[in-house]
Each structure stands twice: as C-alpha cells, then as structure tokens.
Amino acid sequence: MATSSMKLTTIVTDQLALLALKEHVIHDPENVLTTNWSASTHVCNWFGVSCGSKHRRVVALNITGLGLVGTLPPHLGNLSFLSLLSISDNSFDGELPVQLSNLRRLKHINFRNNNLSGEIPSWLGSLPELQRLFLYHNHFKGVIPFSLGNLSKLEMLDLFQNQLSGSIPSSIFNISSLQKINLRNNYLFGSIPSVSHDILSLELIDFTFNNLTGHFPSDMFDHLPNLKKLSLSDNMLSGKIPASLCKCKELEILSLSYNQLGGSLPVEIGNLSMLRILFIGRNHFEGEIPQQIGNLTLLMVLDTADNNITGE
C-alpha cells in the first residue's frame, strides 16, 4: 500500500503541475486545454502529454502551435521525469522560472516563436542531458551564459532573432557534440571565439546580422572538417580569408557579404569542391578572382559585387 500511495502521489504531482500551467494560460483559442485537460481523465491521456511506460510519469509535454497566451508557472519544475518540453509557436511571455532547473532529465527544450523575455538563465548550463535548445524568435536580452559550454551533450543551439548582446562565449566551442549553432539577428559584438579542438559533428555556424569585429581566429578552420555552412554576413569583420579555410572540405555555403574583409581571395577556395553558394560581396577584396574558382563544378551562386577586384 505504501508503494501504491507513492506512485499515486508522483503522478498527482505531475497533474497538479500541468493544471497550474492551464491556470496560467489566459487565452486558449482552440479550447484544447480548457476541454481536454480535465481531472476527469487520466493525465497521461491529455493532449500533448506523454507518459513513460515504466514509471507512468509525464516524460514529454508538447503543446506546439495552439495560439496559447500566458506565462510559465514555477510548478513545471515538478515534472521531474520530463525529457521533452515544447511550447513553441504560441504567445507565452515573461521570464523562465528558475524551477525549470530541477528538470535534470531534459533533453529537448523548444521555446521558439513566443514572447519570452529577460535574460537567458545561466542554470540552463546545469541540465546534464540537454541535446537541443531552441529559444529563437523571442525577446531575450543580455549575454549568452558562459555556462552553456557545460552542456556536454548539446547538439543544436538556436538563439537567433532575439536581442542578445555581449560577446559569444568561448565555451560554446568546447562542446564536442555540437552540430548546429545559430546566433543570427542579435546585437552580439567582439570577435569570433577560437576553436581550439576538433568538433567533428559541427555542420552549421550562423552569426549573420550581428556586430562582430576582428579577424578570423587563426586556428578556426583547422578543427571543423565537416562544416557545411558558414554564414557571417552583415557584421564588421576585417582581415583576410585564411587559406586554412580549404580544410573545410564539406563546405557548401560560404556567406561573408557586408563586412570589411580585404586582401586577395585565396586560391585555396578552388579546393572547396562541395561549394554551391559563395557570397563575398560588399567587402574590400582586391586583386583578381582566382582561376581555381573554375574548379568548383557544383557552384550555383557567386556574388563578388562591390569590392576592388581587378583583372579579367
């Protein structure tokens, strides 16, 4: 009986946490929570709720795209078995409650396309299982926490279209499991952090539309052998394109337009045999276009406009 009572209490805890979320929703245009989230039915049968087969606890909450308006209650921190939390494509506002830091099993956080505000909390870096963090299209301000570099299993980091400032923390490139990092459309400044060790899984870096300055890190391209997209357009980067870029043999998209880059174009670009799109317009490049670009048989788009390029 003691064991039975314990199980009842834990699932009731989950139920109460979700009912608290329902109470914090002030507009439910499709009446999904209003009609479906009812104490008359088992919580595991509620819309958007999934329970584990072993413990019968809530392991996933996915209420994407319901047009919900409201705030996130601290009670969500009691969903201790939760591994997926998705409230994307709604209109939740306010700050993230610190109680979410209790969700140590979280693997997937998707808060995209909401009106969330405040700073990105540093406690996100203490979620040991986190693999995907989607916070884009919100109103987060302040700096990107250095603690995110502690997320040793993180694969995707999408923070674009916010109001983030400060520099890109160097700890981000310490995550060897990283596949995608997208920080575009923010107010980030400072230089691009150095990449000091191999990140074999990293395929996409997008820092477009920020205020980044300085040169490319000298060792950046020595450790990204599987990079497919590098987008750094609309910043204030200077210096030359390093010849070591040719080590990124898988590169398909290179976008460096609207910067202050200069010097001659490295002939090594001709070794990027997978390149399909090359944007280097609106810079200060000079000299001739290397004949080796003719080796890029997959190239579909080449934009070198508004530079100081000469020759044939």
Just do the side chain to side chain contact (heavy atoms under 4.5 Å, CB included) check on L135 and L124 with the steps written out, would you?
CA-CA 12 Å; L135 302 181; L124 282 170; 4.2 Å; yes
Any donor-acceptor pair under 3.5 Å from [X] side chain to [Y] backbone:
{"X": "N174", "Y": "I172", "result": "no"}
{"X": "N90", "Y": "L68", "result": "yes"}
{"X": "N186", "Y": "N210", "result": "no"}
{"X": "D14", "Y": "V58", "result": "yes"}
{"X": "H55", "Y": "R57", "result": "no"}
{"X": "S167", "Y": "P169", "result": "no"}

Can you check whether [X] reaches [Y] side chain to side chain, under 4.5 Å on heavy atoms?
{"X": "M300", "Y": "R276", "answer": "yes"}
{"X": "E129", "Y": "R104", "answer": "no"}
{"X": "H27", "Y": "P29", "answer": "yes"}
{"X": "N271", "Y": "K249", "answer": "yes"}
{"X": "L164", "Y": "V143", "answer": "no"}
{"X": "L116", "Y": "D93", "answer": "no"}
{"X": "R132", "Y": "I109", "answer": "no"}
{"X": "L278", "Y": "V301", "answer": "no"}

What's the shortest heavy-atom distance between [X] and [Y], and which atoms?
{"X": "F47", "Y": "W37", "result": "O-NE1, 3.0 Å"}
{"X": "K240", "Y": "F216", "result": "O-CD1, 3.4 Å"}
{"X": "I199", "Y": "I175", "result": "CG2-O, 3.8 Å"}

Evaluation steps, side chain to side chain contact (heavy atoms under 4.5 Å, CB included), between Q131 and M156:
CA-CA 7 Å; Q131 297 174 6; M156 297 189 181; over 6 Å; no
For a quick check under 3.5 Å, do [X] and [Y] share a side-chain donor-acceptor pair by atom type?
{"X": "S233", "Y": "T208", "answer": "no"}
{"X": "S194", "Y": "S196", "answer": "no"}
{"X": "T64", "Y": "D89", "answer": "no"}

Applying side chain to side chain contact (heavy atoms under 4.5 Å, CB included) to F92 and V25, what does each step give before you reach the verdict?
CA-CA 8 Å; F92 285 99; V25 171; 4.1 Å; yes
Partner of I192 by side-chain contact (heavy atoms from CB on, under 4.5 Å), out of T213, L232, I168:
L232
Report the C-alpha distance between R112 and D158 in whole Å, list the side-chain angles of each, state the deciding distance to 0.1 Å, and finish with yes or no for salt bridge (charged side-chain N to carboxylate O under 4.0 Å, His left out).
CA-CA 9 Å; R112 71 168 191 258; D158 279 343; over 6 Å; no
Value for CG (L212) from CG (N259), rounded to nearest 0.5 Å, stands at 8.5 Å
Taking atom CG of D206 and atom CG of L159, what is their separation to the nearest 0.5 Å?
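So the gap between those two atoms works out to 12.0 Å.
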Where at least one partner belongs to residues 113-138, residue pairs that pass ring pair (Phe, Tyr, Trp, His ring centres under 6.0 Å), sequence neighbours excluded:
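Output for this query lists H108-F134, Y136-F160, H137-F160.
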K107 atom NZ, neighbour heavy-atom count above 12 within 6.0 Å:
no
Ionic contact status for R282 with D303, cut-off 4.0 Å
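Salt bridge: yes.
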Can a cation-pi geometry be assigned to R105 and F81, taking NZ or CZ under 6.0 Å from the six-membered ring centre and within 45° of the ring axis?
yes
